[in-house]
Participant: 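Handing you this structure, nothing more for now.
Counting from 1, the numbers follow the sequence of the chain as shown. Counting convention: from 1, in listed order, for ligands and their atoms alike.
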Amino acid sequence: MNKEDLRAHIKYLSGTIPPPVLLVAAAKTRTADEVRIAIEGGILAIGYNYVQEAEAMQKALSMGKEQKSYRVKWHLIGHLQRNKAKKAVQLFDMIETIDSPRIAKTVNSHCEALGKILPVLIEINSGKESNKTGALPTDVPSLVRETAKLKHLKVQGLMTMGPRFGDPEKARPYFRLTKSLFDQLKSENIPNTDMKYISMGMSNTYQQAIEEGANIVRIGTKLFGERSFD
Ligand SMILES: *Cc1c(COP(=O)(O)O)cnc(C)c1O
């Protein structure tokens, strides 16, 4: 897409998302020009799968401490390795992919060192797929409770990818499972949690996800156009 088309397209797509829902631009493989156009077009959150790629983009946009004029938030939406946790804590405003007590503790200790409290989501492997990251549904309640005990993390909800199907309607059971776990945990009022976000839905499923209760959607292809590689 050329710049003019991209500007118009981002405006159009943003208009299809009802206001309480936060659109996270899944920006993997995009150029700095594309990401800048998204930010200037009103996108409030940028999602990255990899710590290094987010770091390179923040540098390319020269969004260092001296230039915090953009109020965009950075979300980690890919699996986090422990040896990247320190950098992740420095670069991101939210980590959506906490999926084990071990990674939660590591992230918490880096937050403590920085004197920062970081919003996090617990990632659920709603399809119980062996090749996917995320905590199994049965492990999610205990993981939320364990993470809630960590003083420098603030659990704000759940995130899921769900299995990929050609037919987006087939994603609904996984979104419903995520929503019902969320509702159950929210009703427990676990101390030091603020259960308010459900992050689910991507380009082909975001409408179904919103109907099933998502208030964060992560969109790449439908926002920026097809990726040439992943
Ligand atoms: C790439 C990605 C998305 C967006 O995928 P699209 O199909 O391009 O919209 C959402 N969430 C995660 C975790 C991703 O890696």
Participant: Please confirm whether Lys222 comes within less than 3.5 Å of ligand 1 when only nitrogen or oxygen atoms on both sides are compared.
Facilitator: no

Participant: Using a strict 4.0 Å cut-off to heavy atoms of Ala26, name the atoms of ligand 1 that fall inside it.
Facilitator: 3 (C), 4 (C)

Participant: Is the closest basic N to carboxylate O distance between Asp33 and Lys3 below 4.0 Å?
Facilitator: yes

Participant: Examine the side chains of Thr31 and Glu34 and answer whether a donor and an acceptor come within less than 3.5 Å of each other.
Facilitator: yes

Participant: Taking 4.0 Å as the limit for heavy-atom contacts, which would you say applies to Ile77 with ligand 1: side chain only, backbone only, both, or neither?
Facilitator: both

Participant: Should you measure from each heavy atom of Ile219, which atoms of ligand 1 turn up under 4.0 Å away?
Facilitator: 9 (O)

Participant: For residues 161-174, which side-chain donor-acceptor pairs fall under 3.5 Å, sequence neighbours excluded?
Facilitator:
from: Asp167; atom 1: OD1; to: Glu169; atom 2: N; distance (Å): 2.9
from: Glu169; atom 1: OE1; to: Arg172; atom 2: NE; distance (Å): 2.6
from: Glu169; atom 1: OE1; to: Arg172; atom 2: NH2; distance (Å): 3.3
from: Glu169; atom 1: OE2; to: Arg172; atom 2: NH2; distance (Å): 3.3
from: Glu169; atom 1: OE2; to: Gln208; atom 2: NE2; distance (Å): 3.1
from: Arg172; atom 1: NH1; to: Glu211; atom 2: OE1; distance (Å): 3.1
from: Arg172; atom 1: NH1; to: Glu212; atom 2: OE2; distance (Å): 2.9
from: Arg172; atom 1: NH2; to: Glu211; atom 2: OE1; distance (Å): 2.7

Participant: Of the backbone atoms (N, CA, C, O) and the side-chain heavy atoms from C-beta on, which set of Ser203 has a member under 4.0 Å from an atom of ligand 1: side chain, backbone, both, or neither?
Facilitator: both

Participant: Considering only heavy atoms, which of Thr205, Leu223, Thr221 lies nearest to atom 8 (O) of ligand 1?
Facilitator: Thr221

Participant: Looking at Lys186 and Asp183, does any basic side-chain N land under 4.0 Å from a carboxylate oxygen?
Facilitator: no

Participant: List ligand 1 atoms under 4.0 Å from Asn49, heavy atoms only on the residue side.
Facilitator: 13 (C), 14 (C), 15 (O)

Participant: Would Lys28 and Glu53 pass as an ion pair if we require N to O under 4.0 Å?
Facilitator: no

Participant: For ligand 1 and Gly220, I'd like to know whether there is a polar contact (N/O to N/O, distance under 3.5 Å).
Facilitator: yes

Participant: Apply salt bridge (Lys or Arg N to Asp or Glu O under 4.0 Å) to Lys105 and list each qualifying residue two or more places apart in sequence or on a separate chain.
Facilitator: none

Participant: Which atoms of ligand 1 have any heavy atom of Lys28 under 4.0 Å away?
Facilitator: 1 (C), 2 (C), 3 (C), 14 (C), 15 (O)

Participant: Supply the atom-to-atom distance Ile10 CD1 to Glu40 CD, rounded to the nearest 0.5 angstrom.
Facilitator: 10.0 Å

